[in-house]
Amino acid sequence: MLNRLYNILFANYGDLNWWPAETPFEVCIGAILTQNTNWKNVEKAINNMKIKGVLSPKEILNTDLNVLKDLIKPAGFYNQKAERLQIFCNFIMNQLNGDILNLKKYSIHEARDKLLSLKGVGKETADSILLYALDFKIFVVDAYTMRLFRRYGIGYFDNYDKCQDFVHKDFHGELYDYKNFHACIVEICKTYCKKKPLCNICLLKKYCKKVLE
DNA sequence: AGCCAGGCCTGCC
DNA sequence: GGCAGGCATGGC
């Protein structure tokens, strides 16, 4: 089922080259900043940080909280996100010797639990970091995924874990496919599966018809 | 002008 | 252990 969906999406979108970031650490920053936020606004925030040279855990911790808030303001929720960024950086400095890649020394479950224990890191953020920054093979579920599956009859899931389990059982692919599948889902939903139910254009229905046949 | 965005935490029940 | 309510900016 999901491999057919992915094949169709891939035929249309190809390699979307996710996650858009220059370093694994930048993936993490983006993952926190994009929580319930348009990616274009996140780009502005990350760009502000780059301009000011605030790009590493050390630099983020050395930046005054109010200054940090000002830099990431375009990404919204800047009060909580600035604090969460510093909590995350403290975790990297104190437990990972300053490098997020040291999380790869743990099993995927241990790494996930460590991330989830941080205030401001929920399941989607943790899984995005595991998949796109650390190359752990895990599927990232988001609001788009569950909406797409539900609205077009692929499956109804009332929580994150059940949806992720379904994908892990049904979808067979390499690490790259896990990265690009999630990217393709986001991409098609941006156009054809917005929150409004009436946003369903026939193109998506055609996609799903092919999948469900 | 109004809806929406690549969530998460808290505080109720 | 489910579920509102709050968080905030900018794009379209």
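In what follows, chains carry the letters A, B, and so on, assigned in the order in which the sequence lines appear, proteins first and then strands, with residues in each chain numbered from 1. Treat the numbers as computed from the prediction; the structure is a model and nothing was measured.
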- Item | Distance, rounded to the nearest Å, where A:Trp39 contributes CH2 and B:dG7 contributes C1' | 14 Å
- Task: Describe the nucleic acid contact of A:Asp142 in one word from base, sugar-phosphate, nothing, applying a heavy-atom distance below 4.0 Å.
- Result: sugar-phosphate
- Item | A:Lys69 side chain reached by A:Lys81 side chain, heavy atoms, under 4.5 Å | no
- Query: Whole-Å distance between C:dT9 P and A:Gln35 CD?
  - Reply: 17 Å
- Message: Work out how far the P atom of C:dA8 is from that of B:dG11, and round it to whole angstrom.
- Response: 16 Å
- Message: Let's see if you can work this out: which of C:dG10, B:dC4, C:dC12 has an atom nearest to the side-chain heavy atoms of A:Lys44?
- Response: C:dG10
- Item | Nearest-nucleotide pick for A:Gln80, side chain only, options being C:dC7, B:dC9, C:dC12 | C:dC7
- When you measure from the centre of the six-membered ring of A:Tyr144, is the NZ or CZ of A:Lys190 under 6.0 Å away and within 45° of the axis? no
- Nucleotide forming a Watson-Crick or wobble pair with B:dC3, both distances under 3.5 Å: C:dG11
- Message: Whole angstroms only, please: what is the NZ-P distance between A:Lys69 and C:dA8?
- Response: 8 Å
- Quick one: sort the A:Tyr132 and A:His182 rings into parallel, tilted or perpendicular, breaks at 30° and 60°. tilted
- Atom CZ of A:Phe88 and atom C1' of B:dG7 are separated, to the nearest Å, by 15 Å
